[in-house]
Amino acid sequence: MSAITSLSYVPGNTVLHRASIWGKLIVLIAIIVGLLINYKTFIVSMIIVAALTAASGQVRRLMILLRYLAPILLATIALYGISVLLNGFSSISDSLFYIALNSIKLIASLSLVVTIINTTNPRDVEALLYRLGFVDFAIVLHLAIRMVPVISSEIENIRISTRLRGSGSSSIKFLVPVIANSLFRARVLADAIALRGIRVLKVPSPNRIDAALALPVLLILILLA
């Protein structure tokens, strides 16, 4: 499994899979706010994120993506370090605590977003964007989702072809055909969507799973706030 395909919808029957987009949005917003309020809500939010990720069966896919994004995450942590130097923290322990706390918040937020993406049918998100009037953004999202497996397939095919020809591992030789083929496929998909016209998608209604998922999270965080 590649890092690209690890960020895509996986059908399932978990609580997050059965919840609608509305319940997931409430949980996402509540937990991100909980990570910022105080230490009690921070700890509880971390526990909820870990529980949802484990219950959704997305731990392996999340680890693949985090390993792929490691350079970006390390660069962000380095920025936290620069912020510490500019703000002049009183002690080394306070500086390390600040860096660790913000790094954990970043990884927890990213983990929750990835878990929700992997358990949410893209059609539900697209339908919600159509309902809210963001038609152009919905089309861009549709193209991006459709291109994930295409780009992954192109990368694998070109990697195999490069090995068979013995052309070496030059980044330019590898990236140019990937970009060219991906742009061609994207143009074909865009033309197909334009010819099909505006699609009518049904936004999923809130259900009992949403209440069972979102209400406990909201109540716990409100009581601890």
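In this chain, numbering begins with 1 at the start of the sequence shown. Keep in mind that what you see is a predicted model, and the values were worked out from it rather than measured.
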S.K.: With rounding to the nearest 0.5 Å, note down the distance linking CG in Asn118 to CG in Leu16.
M.R.: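 Answer for the CG-CG pair, Asn118 versus Leu16, is 10.5 Å.
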S.K.: Side chains of Ile117 and Val113: does their closest heavy-atom pair fall under 4.5 Å?
M.R.: yes
S.K.: Test of understanding: with side chain to side chain donor-acceptor pair (under 3.5 Å), list the residues that count as partners of Thr115, not counting sequence neighbours.
M.R.: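 Here the qualifying residues are Thr53.
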S.K.: Got a sec, which hydrophobics cluster with Ile29, joining ILVMFWY side chains under 4.5 Å apart, including via others?
M.R.: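 Val33, Ile37, which link up through side-chain heavy atoms under 4.5 Å apart, make up the rest of the cluster.
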S.K.: Go through the structure and list residues passing side chain to side chain donor-acceptor pair (under 3.5 Å) with Thr120, not counting sequence neighbours.
M.R.: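 With sequence neighbours excluded, Thr120 shows a side chain to side chain donor-acceptor pair (under 3.5 Å) to Lys24, given in chain and number order.
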S.K.: Going only through I, L, V, M, F, W and Y residues with side-chain contacts under 4.5 Å, is there a path from Ile116 to Ile26?
M.R.: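 No, separate clusters.
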S.K.: Tell me which donor-acceptor pairs under 3.5 Å the side chains of residues 70-81 have, and how far apart each pair is, sequence neighbours excluded?
M.R.:
from: Thr76; atom 1: OG1; to: Ile72; atom 2: O; distance (Å): 2.9

S.K.: Please tell me if the side chains of Leu35 and Ser109 come closer than 4.5 Å, counting only heavy atoms from C-beta onward.
M.R.: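 In contact.
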S.K.: Kindly write out the residues that satisfy side chain to side chain donor-acceptor pair (under 3.5 Å) with Ser93, not counting sequence neighbours, or none if the list is empty.
M.R.: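 Here the qualifying residues are Ser91.
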S.K.: For a side chain to side chain contact (heavy atoms under 4.5 Å, CB included) check, start with the C-alpha distance between Val27 and Leu52, then their side-chain angles and the critical distance, and finish with the verdict.
M.R.: CA-CA 10 Å; Val27 170; Leu52 291 175; 3.9 Å; yes
S.K.: Find the distance between CD1 (Ile99) and CG (Leu101) and round it off to the nearest 0.5 Å.
M.R.: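 Between atom CD1 of Ile99 and atom CG of Leu101 there are 11.0 Å.
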S.K.: Does anything in residues 39-48 form a side chain to side chain donor-acceptor pair (under 3.5 Å)? List the pairs, not counting sequence neighbours.
M.R.: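 Checked against side chain to side chain donor-acceptor pair (under 3.5 Å) - neighbours excluded - the pairs reaching residues 39-48 are Asn38-Thr41.
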S.K.: Restricting to non-hydrogen atoms, name the atom on Val10 and the atom on Arg61 that form the minimum distance, rounded to 0.1 Å.
M.R.: CG2-CZ, 3.2 Å
S.K.: List the residues meeting side chain to side chain donor-acceptor pair (under 3.5 Å) with Thr14, not counting sequence neighbours, and say none if there are none.
M.R.: His17
S.K.: Looking at CZ of Phe42 and CG of Leu224, how far apart are the two atoms once the value is rounded to the nearest 0.5 Å?
M.R.: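 Rounded to the nearest 0.5 Å, the CZ-CG separation comes to 14.0 Å.
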S.K.: CD1 of Ile21 to CG of Asn121: how many Å apart, nearest 0.5 Å?
M.R.: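 Reported to 0.5 Å precision, the distance equals 10.0 Å.
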S.K.: For a quick test of your reading: what N or O donor-acceptor pairs under 3.5 Å do the side chains of residues 209-222 make, sequence neighbours left out?
M.R.:
from: Asp210; atom 1: OD1; to: Ser20; atom 2: N; distance (Å): 2.8
from: Asp210; atom 1: OD1; to: Ser20; atom 2: OG; distance (Å): 3.3
from: Asp210; atom 1: OD2; to: Ser20; atom 2: OG; distance (Å): 2.5
from: Asp210; atom 1: OD2; to: Asn207; atom 2: N; distance (Å): 2.9

S.K.: Go through it in stages, so that I can follow the logic: the residues are Val114 and Gln58, the test is side chain to side chain contact (heavy atoms under 4.5 Å, CB included), and I'd like the CA-CA distance, side-chain angles, deciding distance and then a yes or no.
M.R.: CA-CA 9 Å; Val114 171; Gln58 304 302 314; over 6 Å; no
S.K.: For Tyr98, enumerate each residue passing the ring-ring contact (aromatic ring centres under 6.0 Å, His included) test, keeping only those at least two apart in sequence or located in another chain.
M.R.: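 With sequence neighbours excluded, Tyr98 shows a ring-ring contact (aromatic ring centres under 6.0 Å, His included) to Phe89, given in chain and number order.
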S.K.: Check the pair Met46, Ile43 against side chain to side chain contact (heavy atoms under 4.5 Å, CB included), reporting the backbone distance first and the verdict last.
M.R.: CA-CA 5 Å; Met46 288 293 299; Ile43 294 172; 5.7 Å; no
S.K.: From Leu110 CG over to Leu106 CG, what is the distance, rounded to the nearest 0.5 angstrom?
M.R.: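 These two atoms lie 6.5 Å from each other.
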